[in-house]
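Here the structure comes first, spelled out in structure tokens, and everything after it is commentary.
Note on naming: letters A, B, ... go to the chains in the order of the sequence lines (proteins, then strands), and numbering restarts at 1 for each one. All values below come from the heavy atoms of this structure, side chains included, with hydrogens, waters and symmetry mates left out.
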There are 2 protein chains.
Amino acid sequence: MAKQISNNIRKLRFEHDEMTQAALAEALGVTRQTVAAMEGNKYPPSLELAFKLADLFDEDISDVFEYNEIN
Amino acid sequence: MAKQISNNIRKLRFEHDEMTQAALAEALGVTRQTVAAMEGNKYPPSLELAFKLADLFDEDISDVFEYNEIN
DNA sequence: ACATCAAGTTAAATATAATTTACATAAAGT
DNA sequence: ACTTTATGTAAATTATATTTAACTTGATGT
């Protein structure tokens, strides 16, 4: 019944020339720890950062983040 | 060059039986002021609230929120 | 074997901004 | 006029997204 946000940032990073967390962080204007945290679903990013990320990878935001039920 | 998040919550509210801000807030589990604020682009909602909202209206999140350039 | 560098993880602290509380206005009905 | 309903907004608070900092691991070079 509860839902949780998940993402496929890691997959996208590797599809984009095996971009490192640090490089992605730099491109987004945040620290690499922020990238690591959202990639590991430690906490969700702000909506703006989510959009920036999707933009950067030329993806639709709903193709990067999903809101699915978990047990 | 700068981008800004916008939304069509108001339109969606009216398409859904002219739902009031208060009714939407109740359904989302937030106060109506939160709905008013995000509807008026005062500030973006959290990613989770954005997803809840899209879910409620059975829309894709990118059909509710857009990240467009503003002059 | 040792040192260095790049990448990842995590905890704690901070700063931001998302959300609430409280007050105010306008329209519509009685 | 008065009440009710819907919306708007400022200020304060809270929550949490982000940063700073420290620790770990693996690879590479000497």
Side-chain angles (χ1 to χ4, degrees), chain A residues 1-57 59-70, chain B:
Chain A
M1 193 112 182
K3 290 199 170 189
Q4 167 174 294
I5 296 170
S6 60
N7 69 82
N8 56 355
I9 297 172
R10 179 175 288 264
K11 181 171 158 243
L12 288 168
R13 271 200 301 120
F14 283 95
E15 286 174 359
H16 286 254
D17 203 23
E18 301 193 346
M19 191 180 212
T20 65
Q21 289 184 341
L24 176 55
E26 166 91 24
L28 291 171
V30 296
T31 63
R32 67 193 174 79
Q33 286 87 341
T34 295
V35 169
M38 74 178 158
E39 183 170 310
N41 291 316
K42 192 171 177 188
Y43 56 78
S46 66
L47 184 57
E48 183 167 10
L49 186 54
F51 267 116
K52 276 188 190 169
L53 182 55
D55 258 29
L56 188 68
F57 286 142
E59 296 276 347
D60 192 278
I61 188 171
S62 53
D63 290 327
V64 180
F65 296 92
E66 292 187 352
Y67 191 50
N68 290 324
E69 284 168 33
I70 78 170
Chain B
M1 192 111 180
K3 291 199 169 186
Q4 169 174 296
I5 296 170
S6 60
N7 69 82
N8 57 355
I9 298 171
R10 178 174 288 263
K11 181 171 158 244
L12 288 168
R13 272 201 299 120
F14 283 94
E15 286 174 359
H16 285 255
D17 203 23
E18 300 195 345
M19 191 181 213
T20 65
Q21 289 182 342
L24 176 54
E26 166 92 22
L28 291 171
V30 296
T31 64
R32 68 181 179 78
Q33 285 87 342
T34 294
V35 170
M38 74 178 158
E39 182 170 310
N41 291 317
K42 192 172 178 186
Y43 56 78
S46 66
L47 184 57
E48 182 168 10
L49 186 54
F51 268 116
K52 275 188 190 170
L53 183 54
D55 258 29
L56 188 67
F57 287 142
D58 198 30
E59 296 277 345
D60 192 279
I61 188 170
S62 54
D63 290 328
V64 180
F65 295 92
E66 291 187 353
Y67 191 52
N68 290 324
E69 282 167 35
I70 168 170
N71 303 352

Protein-nucleotide distance ([X], atom [atom1]; [N], atom [atom2]), rounded to Å:
X: B:Leu49; N: C:dT20; atom1: CG; atom2: P; result: 9 Å
X: A:Glu39; N: D:dT18; atom1: CD; atom2: C1'; result: 16 Å
X: A:Leu47; N: C:dT16; atom1: CG; atom2: C1'; result: 16 Å
X: B:Glu48; N: C:dA17; atom1: CD; atom2: C1'; result: 16 Å
X: A:Lys52; N: D:dT18; atom1: NZ; atom2: P; result: 9 Å
X: A:Tyr43; N: C:dA15; atom1: OH; atom2: P; result: 16 Å
X: B:Lys42; N: C:dA18; atom1: NZ; atom2: C1'; result: 11 Å
X: B:Ile9; N: D:dG8; atom1: CD1; atom2: P; result: 12 Å

*Does A:Glu59 CD have over 12 foreign heavy atoms under 6.0 Å away?*
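Result for CD/A:Glu59: enclosed.
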
*Around A:Glu66, counting heavy atoms of other residues, nucleotides and ligands shown, do more than 12 lie under 6.0 Å from its CD?*
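Not buried by this count: 12 neighbours or fewer within 6.0 Å.
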
_Toward the 5' end of DNA chain C, by each residue's nearest nucleotide, B:Arg32 or A:Phe14_ =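 The residue whose closest nucleotide sits nearer the 5' end is A:Phe14.
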
*asked:* Minimum heavy-atom separation for A:Leu53 and A:Met38, please, with both atom names.
replied: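 The pair with the smallest heavy-atom distance is CD2-CE, 4.0 Å.
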
Can you tell me if the side-chain N/O atoms of [X] get under 4.0 Å from OP1 or OP2 in [N]?
X: A:Gln33; N: C:dA11; result: no
X: A:Ser46; N: D:dT18; result: yes
X: B:Arg13; N: D:dT7; result: yes
X: A:Thr34; N: D:dT18; result: no

*What residue pairs, at least two apart or across chains, pass ring-ring contact (aromatic ring centres under 6.0 Å, His included) with a residue in residues 2-31 of chain A?*
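Applying ring-ring contact (aromatic ring centres under 6.0 Å, His included) to every pair that reaches into residues 2-31 of chain A, excluding sequence neighbours, yields A:His16-A:Phe57.
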
[X], nearest nucleotide to its side chain (from [options]):
X: A:Pro45; options: C:dT21, C:dA7, D:dT18; value: D:dT18
X: B:Ala36; options: D:dG8, C:dA11, C:dT20; value: D:dG8
X: A:Gln21; options: D:dT19, C:dT9, C:dT21; value: C:dT9

*So do B:Glu15 and B:Leu12 actually touch side chain to side chain, heavy atoms under 4.5 Å?*
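Answer yes - side chains close enough.
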
*asked:* Any donor-acceptor pair, under 3.5 Å, between the side chain of A:Arg10 and the base of C:dG8, if you only look at N and O atoms?
replied: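 Under the 3.5 Å cut-off, the side chain and the base do not form any donor-acceptor pair.
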
